[in-house]
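The figures that follow rest on heavy atoms only: side chains count, while hydrogens, waters and symmetry mates do not. Remember, predicted model here, so these are calculated numbers, not experimental data.
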Amino acid sequence: MFSMLVCNYFVSAVFLVLGGAMAYGALEFPLAMTEHGPGPGFWPFCLGGALVAVSLFLFCFSLWHREALKARQVAFATEANVPVYKAMGLLVLLCAAIGVLGFFPALAVFIPALMYLLRCRNPRWIGGTTVGVILFVYVVFGLVLNTQFPQSVFLE
């Protein structure tokens, strides 16, 4: 078992690196405002900056409360954590499936699998939620924001 202090330091370090890498990578794209809105690097840069800020906040919080956090132990191998680990595995599979199947087919498999993992067994709810989320993503990101979604490697 680890103390909460060690876990907080680890999480803040990992997300500090991820946020910094995201912000740095976003600098390769234009950030400036155009007639269509902010450049393609603007929002990834903001997200990376937000991850850096939150990581620094967690680090400072952990420094200020180190005695209390040192006393709290974190148990990773409990029954309650198993669904969380399974959901994390599903997210990794989603990321891999997006490149193979394309964004929307991978999402159409991921959402029902996640809902089943979360003990939703009603086919109407599963189907309705899947269709609703996919439509929402398509309308907001595809039509309104004109985002290009990853395609299947078989369609390239």
Sub-4.5 Å side-chain heavy-atom contact between [X] and [Y]:
{"X": "Val131", "Y": "Leu135", "value": "yes"}
{"X": "Pro38", "Y": "Phe45", "value": "no"}
{"X": "Ser152", "Y": "Val100", "value": "no"}
{"X": "Phe2", "Y": "Phe76", "value": "yes"}
{"X": "Phe110", "Y": "Leu91", "value": "yes"}
{"X": "Ser62", "Y": "Ser12", "value": "no"}

Looking at [atom1] of [X] and [atom2] of [Y], how far apart are the two atoms once the value is rounded to the nearest 0.5 Å?
{"X": "Leu107", "Y": "Thr130", "atom1": "CG", "atom2": "OG1", "answer": "8.0 Å"}
{"X": "Asn8", "Y": "Ser55", "atom1": "CG", "atom2": "OG", "answer": "11.0 Å"}
{"X": "Ile126", "Y": "Leu114", "atom1": "CD1", "atom2": "CG", "answer": "10.5 Å"}
{"X": "Leu47", "Y": "Met22", "atom1": "CG", "atom2": "CE", "answer": "4.5 Å"}
{"X": "Leu145", "Y": "Trp43", "atom1": "CG", "atom2": "CH2", "answer": "10.0 Å"}
{"X": "Phe42", "Y": "Phe29", "atom1": "CZ", "atom2": "CZ", "answer": "15.5 Å"}

Practice item. Mind listing the closest non-hydrogen atom pair of Pro40 and Pro44 along with its distance? Key: O-CD, 3.4 Å
Study note, to complete from the structure: What one should report as the nearest heavy-atom pair of Pro112 and Ala108 is CD-O, 3.0 Å
Let me check something: do [X] and [Y] share a hydrophobic cluster, defined by ILVMFWY side-chain heavy atoms less than 4.5 Å apart, either directly or through other members?
{"X": "Val92", "Y": "Leu118", "value": "no"}
{"X": "Val54", "Y": "Val17", "value": "no"}
{"X": "Phe103", "Y": "Leu143", "value": "yes"}
{"X": "Met4", "Y": "Leu63", "value": "yes"}
{"X": "Phe141", "Y": "Ile111", "value": "yes"}

Review point. With under 30° as parallel and over 60° as perpendicular, where do the rings of Tyr9 and Phe59 fit, or are they tilted in between?
Key: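 Tilted: the ring planes of Tyr9 and Phe59 meet at 30° to 60°.
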Strictly distance-based, threshold 3.5 Å: is any side-chain N or O of [X] a donor or acceptor partner for the main-chain N or O of [Y]?
{"X": "Arg121", "Y": "Tyr116", "answer": "yes"}
{"X": "Ser3", "Y": "Gln73", "answer": "no"}
{"X": "Tyr138", "Y": "Val133", "answer": "no"}
{"X": "Asn81", "Y": "Ala75", "answer": "yes"}

Review point. Please walk me through it: do Phe149 and Ile98 pass side chain to side chain contact (heavy atoms under 4.5 Å, CB included)?
Key: CA-CA 9 Å; Phe149 296 100; Ile98 286 173; over 6 Å; no
**Study point:** Heavy atoms of other groups near Tyr24 OH, more than 12 under 6.0 Å
**Key:**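 Atom OH in Tyr24 is not packed in, count stays at 12 or less.
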Practice item. Assess whether side chain to side chain contact (heavy atoms under 4.5 Å, CB included) is satisfied between Leu56 and Val52, documenting all intermediate values. Key: CA-CA 6 Å; Leu56 292 174; Val52 167; 4.0 Å; yes
